[in-house]
Amino acid sequence: MDIKFYLPTRVVAGPGCIVANAQLFARYGKRALVMTGARSAKGNGSLADVQRALDSQGIAYALFDKVESNPGIANCREAASHARLFKADFIVGIGGGSPLDAAKAAAVLARNELSDAEVFRNDYPGGALPVVAVPTTAGTGSEVTQYAILTNDAIESKSSISWEGIFPALAFLDSVYTASLPHRVAVNTALDALSHAIEGYLAVKADSWSRAVAYEALRVFGKALPRLADGYYGEDLRSELLLAANMAGAVIAQTATTIVHAMGYSLTYFKDIDHGRANGLLLAPYLDFVATASPDGVREVLAALGCRDLEAFADFLGSLLGERESISPDEIRKFTAIALKTKHVSNTARIPGEADIKELYARGLVSR
Ligand code: NAP
Ligand code: FE
């Protein structure tokens with residue numbers, strides 16, 4: 001038995017959990033920088049709940065509401081300089097994966113002088129400010145991971161900070177906040193979480209602990225995603241999705257992701273396809289590809305999802321994806337060269353070569 005499960009985040013879930021557990025914030029200090037995207041946190045009640053909780057504890061706060069989607073290093077540096085100026089003791093990130101990842105990166109940058117190249121060195125002598133995470137999408141699971149994934153123009157892709165010091169100290173899950181998600185964002189973020197559970201289940205680094213958690217997340221997605229595809233988005237479904245996305249995040253914190261994520265980054269960077277959708281487009285060909293190396297694993301994934309076979313799985317995804325984007329031979333060449341250089345390749349159950357990655361792109365998108 002070889003198990004290395006590590007998950008240092010305190011997770012508190014349920015309706016009204018932020019205000020009801022406001023005293024938990026006080027553990028991290030007296031001054032907080034609150035980080036959000038431009039709009040959604042103001043409309044869905046999450047920012048108001050955090051402000052109420054901080055007020056109740058006498059914690060002073062400043063708001064940085066300029067986190068971009070797929071944030072880059074400059075955006076995180078700007079937040080970090082606000083944290084320093086305000087002398088923040090901790091950071092509260094509210095939003096989808098973008099504000100949560102930006103909060104983690106800013107937590108590092110506030111404590112360390114780093115050149116752009118040093119941002120991804122995963123060793124930060126200055127430590128990091130504690131982070132409290134409030135997800136408002138049911139997708140990335142970033143509230144329980146040690147990753148901050150940033151747009152990195154130097155390599156024309158995304159790069160990860162992967163460091164135990166940025167596991168959020170505390171995460172609040174309240175599905176009231178996801179009620180305002182547009183259907184497209186709800187679907188795309190759910191596809192990200194599904195991708196985490198599937199990739200995590202089949203990753204080279206998977207173990208029996210991570211597979212057990214991934215299996216449970218897959219079981220929930222198997223029932224929940226067809227309902228989401230049909231347009232249902234009630235509170236019961238939202239809380240199931242939020243918890244399953246959280247479990248899938250806990251999985252990739254152990255297993256990391258695989259070739260699907262590495263390939264998806266180029267679809268986001270060059271073609272502006274949402275992160276979760278980018279993964280979703282590639283999932284069916286990927287599952288088919290790894291089936292020869294991990295037939296039992298793929299069978300178990302399909303069983304957990306309630307899919308009879310790979311064809312049923314492709315149909316299941318098809319109803320969530322709709323019309324697919326196209327991809328040119330030049331794009332396939334360029335994106336394949338980028339994906340081949342990533343560490344995700346060696347974490348994939350069947351190690352893909354250049355021809356394999358090209359074929360996965362061609363099968364996932366519409367070739368032109
Ligand atoms: P996102 O980029 O955080 O947000 C997408 C959009 O949804 C934004 O326009 C945002 O608006 C809006 N939004 C968020 N919550 C909303 C709500 N409750 N109601 C209405 N609109 C809402 O999307 P995401 O898919 O959650 O995160 C993607 C990022 O996470 C990518 O950078 C990806 O690489 C990263 N990621 C990280 C991990 C990890 O482990 N750290 C794992 C997978 C992916 P506002 O801007 O106004 O808030
Ligand atoms: Fe992801």
Side-chain angles (χ1 to χ4, degrees), residues 7 9 34-47 49 64-72 75-76 93-105 131 133-152 157-163 166-168 171 173-200 233 238 241-242 245-246 248-258 260-269 272-280 282-283 344:
L7 191 65
T9 307
V34 178
M35 290 176 57
T36 70
R39 273 179 303 276
S40 67
K42 298 185 183 90
N44 62 32
S46 53
L47 177 60
D49 283 351
F64 180 83
D65 60 1
K66 298 190 190 69
V67 179
E68 297 154 4
S69 284
N70 303 300
N75 195 207
C76 299
I94 308 174
S98 297
L100 301 191
D101 284 5
K104 294 161 158 181
V131 172
V134 181
T136 66
T137 61
T140 69
S142 176
E143 71 276 8
V144 288
T145 72
Q146 69 279 46
Y147 311 126
I149 296 160
L150 307 182
T151 297
N152 184 3
S157 188
K158 288 183 142 194
S159 296
S160 312
I161 296 177
S162 172
W163 188 55
I166 55 168
F167 268 111
L173 308 184
D174 188 337
S175 56
V176 78
Y177 308 137
T178 58
S180 57
L181 279 176
H183 181 69
R184 182 185 54 79
V185 183
V187 167
N188 290 347
T189 48
L191 285 170
D192 187 26
L194 174 69
S195 189
H196 296 162
I198 292 178
E199 289 177 69
Y233 200 49
R238 292 201 317 273
L241 287 172
L242 188 60
N246 179 257
V251 169
I252 59 163
Q254 317 308 316
T255 65
T257 53
T258 69
V260 174
H261 266 66
M263 292 174 65
Y265 291 149
S266 284
L267 298 179
T268 301
Y269 188 88
D272 205 23
I273 298 176
D274 283 359
H275 171 67
R277 179 175 174 84
N279 299 330
L282 301 164
L283 273 178
H344 301 69

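By convention here, the first residue in the shown sequence is residue 1. Ligands are counted one by one from 1 in listed order, and the atoms in each one are counted from 1 as well.
Contact atoms of ligand 1 toward Asn70: 31 (C), 32 (O) (distance under 4.0 Å to a heavy atom of the residue). Taking every non-hydrogen atom of Gly96 and a distance limit under 4.0 Å, the qualifying atoms of ligand 1 come out as 3 (O), 26 (O). Annotation for ligand 1: atoms under 4.0 Å from non-hydrogen atoms of Arg39 are 47 (O). Residue contact check: Ser180 has heavy atoms under 4.0 Å from atoms 17 (C), 18 (N), 19 (N), 20 (C) of ligand 1. Near Thr137, meaning under 4.0 Å from any of its heavy atoms, are these atoms of ligand 1: 14 (C), 15 (N), 26 (O). The contact set between ligand 1 and Pro99, taken as ligand atoms under 4.0 Å from a residue heavy atom, comprises 3 (O).
When the Fe ion (ligand 2) is compared with the N/O/S atoms of Asp192, atom OD1 turns out nearest. Residue His261 approaches the Fe ion (ligand 2) most closely through its N/O/S atom NE2.
Here's the thing with Thr178: none of its N/O atoms is less than 3.5 angstrom from an N/O atom of ligand 1. At least one N or O atom of Ser98 sits closer than 3.5 Å to an N or O atom of ligand 1. Considering both main-chain and side-chain atoms, Val67 never comes within under 3.5 Å of ligand 1 through any nitrogen or oxygen pair. In terms of N/O distances under 3.5 Å, ligand 1 is not approached by His196. Looking at Thr189 next to ligand 1, no N or O pair under 3.5 Å apart turns up. The N/O atoms of Thr145, backbone and side chain alike, include one that comes under 3.5 Å of an N/O atom in ligand 1.
Scanning the protein heavy atoms around atom 24 (P) of ligand 1, the nearest turns out to be Gly97 N, 3.5 Å. Among protein heavy atoms, atom 4 (O) of ligand 1 sits closest to Ser69 OG, 4.4 Å. Annotation: atom 18 (N) of ligand 1 to nearest protein heavy atom, Tyr177 O, 2.8 Å. For atom 11 (O) of ligand 1, the closest non-hydrogen atom of the protein is Ser40 OG, 3.5 Å. At the shortest separation from atom 34 (O) of ligand 1 among protein heavy atoms lies Lys158 NZ, 2.7 Å. Among protein heavy atoms, atom 15 (N) of ligand 1 sits closest to Thr136 OG1, 2.8 Å. Scanning the protein heavy atoms around atom 16 (C) of ligand 1, the nearest turns out to be Leu181 CD2, 3.3 Å. In this structure, the protein non-hydrogen atom closest to atom 35 (C) of ligand 1 is Asp101 OD2, 3.5 Å.
Within the 3.5 Å criterion, the main-chain N or O of Pro71 finds no donor-acceptor partner in the side chain of Asn75. With hydrogens and angles disregarded, a donor-acceptor distance shorter than 3.5 Å links the side chain of Thr151 to the backbone of Asn70. Remark: the backbone N or O of Ile94 is not paired with any side-chain donor or acceptor of Thr36 at under 3.5 angstrom. A donor-acceptor pair is defined here as one N or O able to donate and one able to accept, closer than 3.5 Å; no such pair exists between the side chain of Arg277 and the backbone of Asn188. The backbone N or O of Met263 lies less than 3.5 Å from no partner atom in the side chain of Ser266, so there is not a single donor-acceptor pair. A side-chain donor-acceptor contact under 3.5 Å links Lys104 to the backbone of Ser142. Side-chain atoms of Thr9 come within 3.5 Å of backbone N or O of Pro168 as a donor-acceptor pair.
Nearest heavy-atom pair across Ala253 and Gln146 is O-NE2, 2.9 Å. In terms of heavy atoms, Ser195 sits closest to Val260 at OG-CG1, 3.7 Å. Between Gly276 and Leu191, the shortest heavy-atom distance links the atoms O-CB, 3.5 Å. Annotation for Leu242 and Pro135: closest pair CD1-CG, 4.5 Å, computed over non-hydrogen atoms.
Comparing heavy-atom distances from atom 7 (O) of ligand 1 across Thr257, Thr268, Val185 singles out Val185 as nearest.
Asp65 has no carboxylate O lying under 4.0 Å from a charged side-chain N of Arg39, or vice versa, which leaves the two without a salt bridge. A salt bridge links Asp274 to Arg184: one of the charged nitrogens lies within less than 4.0 Å of a carboxylate oxygen.
At a 4.0 Å heavy-atom cut-off, ligand 1 touches Tyr147 through backbone and side chain alike. For Thr36, no heavy-atom contact with ligand 1 is shorter than 4.0 Å.
Note: Ile252 CD1 to Glu199 CD = 8.0 Å, rounded to the nearest 0.5 Å. Interatomic distance, Tyr147 OH to Ser160 OG, rounded to the nearest 0.5 Å: 8.0 Å. One finds the CD1 atom of Ile149 at 6.0 Å from the NE2 atom of His275 (value rounded to the nearest 0.5 Å).
Assignment of Ala38 to the shell around ligand 1 is supported, since a heavy atom sits closer than 4.0 Å. Remark: distances from the non-hydrogen atoms of Ala253 to ligand 1 are all 4.0 Å or more.
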